[in-house]
Protein chains: 2
Amino acid sequence: MSVQNRKSKQRDRILELLRSERSHLSAVTVFDRLKTDFPSLSLGNVYRNLNILVEREEAVRLRINDVSDVFEAKREPHAHFICMTCGAVEDIRIPDELTVPIAAWAEQNTGASIRYPKIDLVGICPRCRATAGA
Amino acid sequence: MSVQNRKSKQRDRILELLRSERSHLSAVTVFDRLKTDFPSLSLGNVYRNLNILVEREEAVRLRINDVSDVFEAKREPHAHFICMTCGAVEDIRIPDELTVPIAAWAEQNTGASIRYPKIDLVGICPRCRATAGA
DNA sequence: GTATCTGCAAAACATTTGCCCTTTG
DNA sequence: CAAAGGGCAAATGTTTTGCAGATAC
């Protein structure tokens, strides 16, 4: 949408927050965390800036399991583990040797050119497994 | 939520539609397609039944790229190819030899038990590649 | 100075829910 | 007939947008 962007304190802080957090944040969470530093911050502006960051490829939008999207700063490719019991999301770095063959296979079988695989591993985290007898 | 379900013409037709369609359908699309046969059908009821079907594991909810969720009938495990240009979604069946090692690797490295991998391959479909010079 | 950014509030969607009537078993 | 299902409309939750004033360059 926007071709040219100026600097903005709010947007800088949003990106900084995404970068410093290990977990994935929803727009509302970002809003809550920054309200202290920017008392006049508006949720609409958080959405606007998250969209700009995604557009610029400085952040990534994830649609996991919840009702709202979550965002993370862009970094090296990685997959997500998702606990089907507690909903926790954890980053995992799968070796390329395992993922490259899948993309290659898909290219051959679909005729499409694959840019990247998006892999979610769904299961039960150690803690939830300990709690309930799953 | 519901423990016991009776039969319902509407729900049966929704599942039948999901099974017969090759593509993934949003609640609104399901609603539109069935309005002819059930003129009094309500969108709320489509949502209710889609949720019941997902709960019963007769259907699967997908959050791909769009604003609304889409649904498909449950069948053998498969991945999705997603065209980043036109948004088309296509099913692909990746051989187990390629996916099993990923789950195994993740189990070892996270301590979690993996139930299934959810794999989206994002790229550009042959048609879009032909149209634009991507 | 002007284009971009912001806050605010309203709007636009997507989805869920309560109520009361209809259907199923 | 009792319990589950459906239609309708209102409620909820998320994300986008129009506008008027503030800010960056």
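Chain identifiers are assigned alphabetically (A, B, ...) following the order of the sequence lines, protein sequences preceding nucleic acid strands; residue numbering begins at 1 within each chain. Scope of the values below: all heavy atoms of this structure, side chains included, with no hydrogens, waters or symmetry mates.
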K.L.:
The side chain of R6(A) is closest to which nucleotide in this list: dA3(C), dG7(D), dT16(C)?
P.N.:
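Closest nucleotide to the R6(A) side chain: dA3(C).
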K.L.:
Strictly distance-based, threshold 3.5 Å: is any side-chain N or O of R48(A) a donor or acceptor partner for the main-chain N or O of L43(A)?
P.N.:
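Judged by distance alone, no pair lies under 3.5 Å.
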K.L.:
For dG6(D), does either OP1 or OP2 sit under 4.0 Å from a side-chain N or O belonging to K9(B)?
P.N.:
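It does not, given that no N or O in the side chain of K9(B) lies less than 4.0 Å from OP1 or OP2 of dG6(D).
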K.L.:
Hey, which of these two, A27(B) or S8(B), hits DNA chain C nearer its 5' end, going by closest nucleotide?
P.N.:
A27(B)
K.L.:
State whether N49(B) places a side-chain N or O below 4.0 Å from either non-bridging phosphate oxygen (OP1 or OP2) of dG6(D).
P.N.:
yes
K.L.:
Once you round it to whole Å, what is the distance between P of dA10(C) and CG of L43(A)?
P.N.:
15 Å
K.L.:
Can you tell me how far C1' of dT17(D) sits from CD1 of I52(A), to the nearest Å?
P.N.:
13 Å
K.L.:
When you get a sec, tell me which of dC5(C), dT15(C), dG7(C) is the closest nucleotide to the side chain of R11(A)?
P.N.:
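Selected nucleotide (nearest to the side chain): dC5(C).
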K.L.:
Round to a whole Å and report the spacing from CG of L50(B) to C1' of dA14(C).
P.N.:
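Computing the L50(B):CG to dA14(C):C1' distance gives 13 Å.
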K.L.:
For a quick test of reading the model: is some side-chain N or O of N45(B) closer than 4.0 Å to OP1 or OP2 of dC8(D)?
P.N.:
no
K.L.:
Has Y47(A) got a side-chain N or O lying under 4.0 Å from the OP1 or OP2 atom of dT16(D)?
P.N.:
no
K.L.:
Donor-acceptor pair, H80(B) side chain versus H78(B) backbone, under 3.5 Å?
P.N.:
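Side chain of H80(B) to backbone of H78(B), a donor-acceptor pair under 3.5 Å: no, none is there.
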K.L.:
dC5(C) C1' sits how many Å from R56(A) CZ, rounded?
P.N.:
12 Å
K.L.:
Can you tell me if the side-chain N/O atoms of Q10(A) get under 4.0 Å from OP1 or OP2 in dG7(C)?
P.N.:
yes
K.L.:
Is there a side-chain polar atom (N or O) of S40(A) under 4.0 Å from OP1 or OP2 of dG7(C)?
P.N.:
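It does, given that an N or O in the side chain of S40(A) lies less than 4.0 Å from OP1 or OP2 of dG7(C).
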K.L.:
Between R61(B) and N51(B), is any side-chain donor less than 3.5 angstrom from a side-chain acceptor?
P.N.:
yes
K.L.:
Which nucleotide, dA24(D), dG7(C), dG25(C), lies nearest any side-chain atom of K7(A)?
P.N.:
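That would be dA24(D).
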K.L.:
Is there a donor-acceptor pair closer than 3.5 Å between any side-chain N or O of E72(B) and the backbone N or O of V60(B)?
P.N.:
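Here the side-chain-to-backbone pair does not exist.
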K.L.:
To the nearest angstrom, how far is R13(B) atom CZ from dG5(D) atom C1'?
P.N.:
17 Å
K.L.:
To the side chain of V67(A), which of dC19(D), dG6(D), dT14(D) is closest?
P.N.:
dT14(D)
K.L.:
Going by heavy atoms in the side chains, are R11(B) and L53(B) under 4.5 Å from each other?
P.N.:
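Yes. Closest side-chain heavy atoms under 4.5 Å.
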K.L.:
On the nucleotide dT15(C), are OP1 or OP2 found under 4.0 Å from the side-chain N or O atoms that N51(B) carries?
P.N.:
no
K.L.:
What nucleotide, of dT15(C), dG7(C), dG25(C), holds the atom closest to the side chain of S68(B)?
P.N.:
dT15(C)
K.L.:
Rounded to whole angstroms, how far apart are CZ on F31(A) and P on dT6(C)?
P.N.:
14 Å
K.L.:
Looking at R115(A) and M84(B), would you say the former's side chain and the latter's main chain have a donor-acceptor pair under 3.5 Å?
P.N.:
no
K.L.:
Whole angstroms only, please: what is the CG-C1' distance between D12(B) and dT23(C)?
P.N.:
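Computing the D12(B):CG to dT23(C):C1' distance gives 14 Å.
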K.L.:
Of the listed nucleotides (dG7(C), dG6(D), dT15(C)), which one gets closest to any side-chain atom of L41(A)?
P.N.:
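Selected nucleotide: dG7(C).
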K.L.:
Report the distance from atom CZ of R48(A) to atom P of dA11(C), rounded to the nearest whole Å.
P.N.:
17 Å
